[in-house]
Amino acid sequence: MKGVGPKRAQLLETELGVKSIRDLLYYFPYRYIDRSQIFRVNELHPDMQYVQLCGKVSNFHTVGEGRKKRVVATFSDETGQIELLWFKGLKYVETRFVNSAEKVFFIFGKPVFFGGRYSIVHPDIDEHNTLNDTKLVGLQAMYSTTEKMKTSFFNSKALQTIMFSALQKMKENQLPETLPDYLLEKYHFMRINYAIRNIHFPENQDNLKAAQSRLKFEELFYIQLSILQKRQYRERSGGLVFSRIGDAFNNFYKTKLPFALTNAQKRVLKEIRSDVGSGKQMNRLLQGDVGSGKTLVALMSMLMAVDNGYQSCLMAPTEILATQHFQNISELLEGLNLRVALLTGSTKKKERDEISASLKDGSLNILIGTHALIEDTVVFGNLGLVVIDEQHRFGVEQRAKLWQKNNVPPHILVMTATPIPRTLAMTIYGDLRVSVIDELPPGRTPIQTYHYYDNKRNSINNFIRMQVNSGRQVYIVYPLIQESEKMDMKNLEEGYKEVKKVFPEFSVCMVHGKMKPQEKEDEMQKFVRGEAQIMVATTVIEVGVNVPNASVMVIENANRFGLSQLHQLRGRVGRGCNQSYCILMSPYEISSETKKRLEIMVETNDGFEISEADLKMRGPGDMEGTAQSGLPFELRIANLAKDEKVLEFARQVANDILNDDKDLVKPENQILRTQLTKLTRVRTDLSEIS
Ligand code: ADP
Ligand code: MG
């Protein structure tokens, strides 16, 4: 292609994965600049989004030292001045604008109003004349490029230029249509060739919208088609049948259950019962906010397995949690003549061998453990049900391994307290049936959450003292993030010393991930038994820890945690009948986004609201534990945080088609089959698995 020599071809391939003209045409812009609209400095107002200005740039200079070093310049037009700022690529900026004081530039960015003036951080800058060169007016596409490309002057504009010549060379209908005619007609979708042209060089706003909505639909539609087809296929291929409810379940229900089930728990148990009795393999996702009583549902499902002569296992992400489940469940099952065992990384060889033997001969009913369950040496006699707790903590491959531990795949129940926004539930977990426990056990008082700056330390210490004196226990959590592990460890240890100094009258324990399992367990037990009143910890306690007497959760440097992590941590309190509190501590200087995050925590206890907010603020690729890699294919244009409507529509359409033609054998659906094989060829491995 004209404009693409060996060097650029290489960059396109390694940096963007673009190996052909087709790939290039499917490399979509991330944004459009309306070049037809130019603002003046005196027209700016604080809540404007992105704007284009035209004028001169001068007075480049560097300020600050070390990490705070930045380049500052002045932009001016006839009506006023604003500041331009760069924190990265300083060398490049300094050299690029040498001798350009007389040139006229278009600058583009989001104006920020601060300290009485406007500034734009990392503006896009184009020289006036280069813009005329490309003869492109109106809506201009912006492409993301990598650092490596930028240093070779292969920027968005250069990409746009080669896109232009690629499209010029192409015949009008050269790209084969990728959606069936009947869909194009029924929903008035733009045809592929026209859509591709308009996505790169929009003729106007309307055409751009139409091109975007077709391409987004197509992308999400094929994902849905793929997921739903897999689900159908799996359900048709049969599963174990748990036909009866017997002694284990009934005796537990009648003589052991310490409280009445909530209506939500009852409903979910009915759903599970109907799945496991249906002759299809169950793949169910159980969502329920922290403290909603998922463990009990899991246990009663495992009892259904027992009653039908099958073994079950429950896998938890941490040793602490697995141990706690084991103790909890053993206690609940006492006197019922069932065998339960715990298998973790620190289980001794002798015990391991015993477990192994009783697993094989089928005499062990329930095995609880950590990742250790996945190992090939763990062989079940007849595994019927796999329960995975806090499933977002596990990788896809890990779950798949459990699945393979029986000839006929066992039923799968995955549980999560991290509520999954609807769009993710329909995509990443799209092949699971979803159950929701949307009701907390009675008698809980909602947790009160506060955000304080570090200067309130004394009053908070007084508050902690008051709570402990009235018999409660307190968690104090510090961040421990891999990238800054050393510093964090130091903060934690200093924090621990400080807490001990401030509360000499109390017993303080500490738990973090770097401890030996035994040591961790001992410290944990001190808190569980109430011998320690204050526990200083890292996020190892994030999931599952259950000490109903704890009523205060202090989160240090809460600004460094994500929303769903904060919510998980908060869920460690409010488990008993006492009023509980969550106190978010942060330094005074935090970004407005962080502040917003903490405000959301203060405002709501609702995990679903929080996860929606999280998705909106962070974008789906970034969601904790729900990386986009869970998708059957990558998203190029659709955005799970924004395109919920399109997604729902795409799912509906895919569903209708499969209902009508489950194997896509009708001639008009041939194109769908072809397209699906093309798209999935890359990663069938992952889409097999729930
Ligand atoms: P999670 O859904 O976070 O895993 P758990 O299963 O740990 O929640 O349950 C939280 C607490 O609520 C436990 O102490 C459990 O015994 C208790 N619980 C569960 N179900 C009920 C119920 N129906 N009534 C009262 N308490 C319940
Ligand atoms: Mg739990």
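Order of appearance sets the numbers: ligands from 1, and atoms from 1 within every ligand.
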J.: Taking only heavy atoms of T262, which atoms of ligand 1 are found under 4.0 Å from at least one of them?
T.: 23 (N)

J.: Are any of the N/O atoms on A260, whether in the backbone or the side chain, positioned under 3.5 angstrom from an N/O atom of ligand 1?
T.: yes

J.: Please identify which atoms of ligand 1 are closer than 4.0 Å to at least one heavy atom of L261.
T.: 23 (N)

J.: Hey, could you give me each pair passing ring-ring contact (aromatic ring centres under 6.0 Å, His included) that has a residue in residues 510-529? Not counting sequence neighbours.
T.: Y475-F527

J.: Not counting sequence neighbours, which residues clear side chain to side chain contact (heavy atoms under 4.5 Å, CB included) with T604? List them please.
T.: I600, D606, E609, I610

J.: Only heavy atoms of R575, strictly under 4.0 Å: list the atoms of ligand 1 that pass.
T.: 3 (O), 7 (O), 10 (C)

J.: Does the plane of the ring in Y452 sit parallel, tilted or perpendicular to the ring in Y450? Use 30° and 60° as the thresholds.
T.: parallel

J.: When only distance counts, is F259 in polar contact with ligand 1, meaning an N/O pair under 3.5 Å?
T.: no

J.: Treating Q265 as the side-chain partner and G293 as the backbone partner, does any N or O pair qualify as donor plus acceptor under 3.5 Å?
T.: yes

J.: Given side chains that start at C-beta, do those of L563 and M601 come closer than 4.5 Å, heavy atoms only?
T.: yes

J.: Determine, using ring centers only, whether Y310 and H411 are less than 6.0 Å apart.
T.: no

J.: If the contact criterion is a heavy-atom separation under 4.0 Å, does P548 count as touching ligand 1?
T.: no

J.: Can you name the atoms of ligand 1, numbered from 1 with element, that are less than 4.0 Å from a heavy atom of N546?
T.: 13 (C), 14 (O)

J.: Could you list the atoms of ligand 1 found under 4.0 angstrom from a heavy atom of T295?
T.: 4 (O), 5 (P), 6 (O), 7 (O)

J.: Say you draw a straight line from CD of Q533 to SG of C509; how long is it, rounded to the nearest 0.5 Å?
T.: 9.0 Å

J.: Does ligand 1 have an atom that lies less than 4.0 angstrom from a heavy atom of G291?
T.: yes

